[in-house]
2 protein chains.
Amino acid sequence: MSKIIDQIKDVEHALPKWRRRPKCRPDDILDGALKEFCLCGYARARIEDIANHAGLSKGSVYLYFDSKEEMLKALIRRSVTPIALSLTEVAGHMGEDKEQTCAEILRKMLKLTATRFLDQKTGSIPLLIIGEAGNFPELPEFYRDEVIEVSMKAIETVIASGVKNGEFRPINIKLAIRSLMSIVIMQVIWNGVFKRKGEATITTDELINSHLDLFLNGALA
Amino acid sequence: MSKIIDQIKDVEHALPKWRRRPKCRPDDILDGALKEFCLCGYARARIEDIANHAGLSKGSVYLYFDSKEEMLKALIRRSVTPIALSLTEVAGHMGEDKEQTCAEILRKMLKLTATRFLDQKTGSIPLLIIGEAGNFPELPEFYRDEVIEVSMKAIETVIASGVKNGEFRPINIKLAIRSLMSIVIMQVIWNGVFKRKGEATITTDELINSHLDLFLNGALA
DNA sequence: TATTAATAAATGACTGGTTATTTATTAAAT
DNA sequence: ATTTAATAAATAACCAGTCATTTATTAATA
């Protein structure tokens with residue numbers, strides 16, 4: 001008996017009860033939060049489980065975030081910044097290569113957006129927002145300002161210039177943007193909600209190329 | 001003082017504490033549930049509030065539904081039935097009018113679907129499913145079988161016959177369906193999540209006509 | 001028709017479990 | 001020795017689901 005106790009004491013002595021991890025915390029916690037939020041939804045996700053993902057106890061989470069709600073907001077904010085950045089970057093590069101058709105720029109933008117959202121991590125953010133829109137109306141509000149409006153503006157510029165230079169016929173630009181972008185949303189929802197596991201995934205390239213082909217050339221013979 | 005008490009007693013005597021409403025209950029309760037689920041999400045919605053919407057007390061709800069989860073499932077089931085019915089009906093009528101182009105049949109189907117989902121009540125069902133997919137994987141499963149697969153099959157038939165008779169060029173039908181239907185999902189999410197109140201709503205006709213115009217004729221000049 | 005018994009509908013106080021957040025305390029690091 | 005990071009345990013609120021009780025309605029009986 002005393003042998004066993006000694007062993008336990010040894011182990012206790014060997015492994016410190018916890019270690020200090022000063023740099024990383026908030027980001028690790030958000031990773032855990034994303035996992036749990038996606039798995040059970042915001043309301044059912046337990047702080048303790050989130051904490052465990054990051055190798056912490058429940059209480060420690062509160063050293064980094066004031067509340068569960070703040071965690072959700074921080075999570076959204078973190079995912080938004082790189083998207084907004086990369087889109088404005090593409091918009092900035094537009095017009096550099098005079099040879100490039102507007103159609104090709106659109107393809108580039110669509111693929112960029114699709115790639116971002118159809119990778120599992122970013123793609124679950126819109127789903128989260130959709131699910132929590134009722135409880136936290138600031139989330140869609142914020143997302144719309146920071147992501148949707150920005151991307152729509154960027155695409156609008158491209159389509160408008162295509163219409164002006166005669167590459168596109170005179171279409172309703174606002175509506176065309178919707179028709180163009182809708183495929184990304186559809187696919188995010190398909191992959192995240194309806195796709196059965198094991199079922200073959202349509203590749204982003206296939207999807208976007210087909211959609212753009214239809215968008216540009218139409219289905220009529 | 002006694003006057004007031006008398007008045008209260010009168011009122012108490014005049015109005016029975018509750019009334020019997022034998023026929024309607026389950027459906028009224030589901031209406032309340034839909035309202036509350038949309039407002040706060042499934043997890044936060046309180047049975048008591050749902051009951052109050054239907055003019056009942058919490059306990060009475062359990063005379064009609066075994067649990068909160070059963071309510072959610074019943075709600076989804078109720079919304080699914082009429083959709084499946086109307087779609088199979090349209091599919092059944094197909095080919096009656098030989099003069100009708102496939103494009104026009106597609107327009108009719110898209111408008112039917114869009115109208116159903118863009119009326120507030122039905123439109124919130126997919127949003128609910130998206131939000132609760134993590135907790136209740138049976139919901140998307142069920143919805144996919146009963147609504148999505150059925151509608152896709154119906155549309156597939158039309159497009160395929162259009163390709164066969166030369167009205168459409170040889171396109172990838174599975175992908176074309178996605179491109180075609182995506183606009184409805186996009187709009188459901190836009191209206192239910194991102195649209196600011198007071199903001200002008202795009203009419204279903206505008207949306208579908210524009211989308212079909214692009215789908216059929218393309219954007220190129 | 002009036003009275004009374006039986007049944008159906010509805011209630012609301014209560015229980016038990018769950019979990020976000022707070023606090024007192026302990027251990028690591030410097 | 002002091003500061004910082006972390007913990008574990010306590011607190012407090014919340015809410016689904018139960019159940020003993022009450023009230024309305026209906027039917028049977030006199």
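Residue numbers start from 1 in every chain, and the chains themselves are labelled A, B, ... in the order their sequence lines are given, proteins ahead of strands.
- For the pair A/Glu70 CD and C/dA20 P, the computed distance is 15 Å after rounding to whole Å.
- Counted within 6.0 Å of NZ on B/Lys111, heavy atoms from surrounding residues, nucleotides or ligands total more than 12; the atom is thus considered enclosed.
- We find that CG of B/Asp49 is positioned 13 Å from C1' of D/dA16, with the value rounded to whole Å.
- No more than 12 heavy atoms of other residues, nucleotides or ligands shown are found within 6.0 angstrom of NZ on A/Lys108.
- The two residues A/Val61 and A/Ala51 come nearest to each other via the heavy atoms CG2-CB, 3.5 Å.
- Between B/Gly41 and A/Asn135, the shortest heavy-atom distance links the atoms N-OD1, 4.3 Å.
- Under 4.0 angstrom from either OP1 or OP2 of D/dA6 there lies no side-chain N or O belonging to A/Ser60.
- For the OP1/OP2 pair of D/dA5 and a distance below 4.0 Å, the side-chain nitrogens and oxygens of A/Tyr64 include no atom meeting the criterion.
- The side chain of B/Lys58 contributes no N or O atom lying less than 4.0 Å from OP1 or OP2 of C/dG12.
- In this structure, B/Lys68 atom NZ and D/dG17 atom C1' are separated by 12 Å, rounded to whole Å.
- Among the atoms of the strands shown, base atoms are found under 4.0 Å from some heavy atom of A/Leu63.
- If you take CD1 of A/Ile47 and C1' of D/dA8, they are 16 Å apart, rounded to a whole angstrom.
- Counting to the nearest Å, the P atom of C/dA20 and the CD atom of A/Glu36 are 11 Å from each other.
- Here the nucleotide nearest the side chain of A/Ser67, chosen from C/dT21, C/dA9, D/dG17, is C/dT21.
- Taking atom CD of A/Glu48 as the reference point, atom P of D/dA9 lies 11 Å away to the nearest angstrom.
- Of all the heavy atoms in B/Gly123 and B/Val188, the pair that sits closest is O-CG1, 3.6 Å.
- Per the geometry, CG belonging to A/Asp66 stands 9 Å off P belonging to C/dT21, to the nearest Å.
- Across all strands, A/Ala45 comes closer than 4.0 Å only to sugar-phosphate atoms, never to a base (heavy-atom distances).
- If you check D/dT7, C/dA10, D/dG17 against the side chain of B/Leu56, the one that comes closest is C/dA10.
- What separates CD1 of A/Ile29 from C1' of D/dA6 is a distance of 11 Å, to the nearest Å.
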